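Here the structure is laid out as structure tokens; the discussion comes afterwards.
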Protein chains: 2
Amino acid sequence: MRVSAGTPRKRASPIADDGDEFHFCSTCAFSAACLDSGYGKPELRELHVLVEHIGPFKEGEHIFREGDEFNAIAAVRGGTVKTYVNDLEGREQVQGFFLPGEVIGLSAISQGRYPCNAVALDSVVLCRFSFPTMAALAARMPGLQAQLFRLLSQDIGKAALLAGNYSADERMAAFLISLSRRYAARGFSATRFQLTMTRTDIANYLRLAAESVSRVFRRFQDDGLIRVERRDLELLDRPRMEELARSVLRE
Amino acid sequence: MRVSAGTPRKRASPIADDGDEFHFCSTCAFSAACLDSGYGKPELRELHVLVEHIGPFKEGEHIFREGDEFNAIAAVRGGTVKTYVNDLEGREQVQGFFLPGEVIGLSAISQGRYPCNAVALDSVVLCRFSFPTMAALAARMPGLQAQLFRLLSQDIGKAALLAGNYSADERMAAFLISLSRRYAARGFSATRFQLTMTRTDIANYLRLAAESVSRVFRRFQDDGLIRVERRDLELLDRPRMEELARSVLRE
DNA sequence: GCAGCACCTTGATCTGAATCAATTGAGAGT
DNA sequence: ACTCTCAATTGATTCAGATCAAGGTGCTGC
């Protein structure tokens, strides 16, 4: 079985060592759409051909950069990816953090070029999907097309979240609840996890100063909402945190 | 020629009065994708069947409301549409203004329900597209599928624009330049146009207080950047305005 | 060990925009 | 003309969070 030629990166694991067995990685955002849709071997085989497992990327290594030609989207299999742009004064604007199971690169479709940078915050492995091939395949697999539409549409909504004018506390609460839920959805603890990003990254994401992030953490800790030590975070009072985040997350 | 049954609204103009001639409205976001793709009559006829010209909606009339079941997207043919949500304190958060040629409803795909309200700011007419039918058709018309992906991806980027933390002046400049360009793209004047929305709408869109909008307008006028009287706006110094907007629009 | 460094915290001060408050202006209806 | 109402302006004051400034803390490498 051959793999479509992509960017020349070392492959972390072969897609299929044996001749006939197909492996879908459980974290991959498309596996459900593909397995559920009851397609025969030809389609599944074709899908495999367009998938490429890449990585690992080391901490600080870039996955793509602003202006790079777009030809593939990728699902995170492990690690955390940060996307960002630099504004004209050189300050970093973090657009998002992507955990296992989440898809990066969707905003590049319209331009044909990546509109932002993507960097690994820790050791990152990805599933890479050639977009042209995927689009062609989507034409024959309604489930896949629907999944693509859904993912794209979701991201429009997500981007609107951090657009509102909320207080530093509300933004931070929403950020922590969001992380908690996303980790929980992947089977990790919902109440205790590592912050894989720096305080500055969080600040740039929430449109706050790094000092403000520090102060909010202190306030939350003094109020018994969290326990935070360096990158290790524990949610002590999830209900109260949800309540704080409510207005941002619109529930 | 029959029109697929949609929401029971009066149709502004028949899609095709005669038996064989096809009319694409020039403002419709999909017309180019369809006409360019060199498809035969069967496909074009099918596309027509899923299009419905609806309206006019009167000022203040709602096109859809948050929570409504999603079954169609729509391209604005005339007028201005505002989309918004109410936050938990009842304050209105304006998500966008849609001018002729622009598409509303895309963020609803992922949920199957509209996540926001859409209201007419003046007299509005739309092209309505049944989304399920459109998705099915997209499977056979790669140009249409690509156009849909492009539109969705574009909106992700747009939403990120107003997310940055910019000054009131920068936000306003970016807003005015954006309006100017979008009007110009449709053949209207790039330097003089009507603000179809209230100051409060602008404020809620730019995440400012209405008073701040008023003050920015005053400042811009005193600086000779614009002339604004009631809803009538003229850009007097476009280059300087572009410069102000530069950091927001990322150029 | 300790030097170097990046990350983080804490305190003092400053500031842009929000809020509060009052007035003016324009259209719609009578 | 007149009132009613909603939109818009203008000024005074307040406040959340930025910025400035000065340590602290825990790595990594020598």
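Keep in mind that the numbers below use all heavy atoms, side chains included, and drop hydrogens, waters and symmetry copies. Chain A is the first sequence line, chain B the second, and so forth, proteins listed ahead of strands; every chain is numbered from 1. Treat the numbers as computed from the prediction; the structure is a model and nothing was measured.
No donor-acceptor contact under 3.5 Å links the side chain of R215(B) to the base of dG16(C).
Heavy-atom nearest nucleotides on DNA chain D were determined for S212(A) and for E229(A), and the one closer to the 5' end corresponds to S212(A). Summary of the strand contacts: D201(A) and N165(A) both lie near DNA chain C, and taking for each the nucleotide with the nearest heavy atom, the more 5' one is attributed to D201(A).
Taking the side chain of S214(A) as heavy atoms from C-beta on, and the options dT19(D), dA26(C), dC8(C), the nearest nucleotide is dC8(C). Here dT19(C) is the nucleotide among dA17(C), dA8(D), dT19(C) with the atom lying nearest to any side-chain atom of R91(B).
Annotation: F193(B) is not in aromatic contact with F188(B) [ring centroid separation under 6.0 Å not met].
Distance, E211(B) CD to dA7(D) C1': 12 Å, rounded to whole Å. Rounded to an integer number of Å, the gap from CZ of F220(B) to P of dT9(D) is 14 Å.
Counting non-hydrogen atoms under 4.0 angstrom, A209(A) reaches a base of the nucleic acid. Using a 4.0 Å heavy-atom criterion, one finds that R218(A) contacts the sugar-phosphate atoms exclusively. Note on R207(A): only backbone sugar-phosphate atoms sit closer than 4.0 angstrom, heavy atoms only; bases stay farther off. If you check every strand for non-hydrogen atoms under 4.0 Å, R231(A) touches sugar and phosphate atoms only.
The only member of Y84(B), Y183(B), Y205(B) that meets ring pair (Phe, Tyr, Trp, His ring centres under 6.0 Å) when paired with F97(B) is Y205(B).
Remark: the backbone N or O of R230(B) is paired with a side-chain donor or acceptor of R199(B) at under 3.5 angstrom.
Taking both residues in full, the closest heavy atoms of L121(B) and E59(B) are given as O-CG, 3.3 Å, listed atom of the first, atom of the second, then distance.
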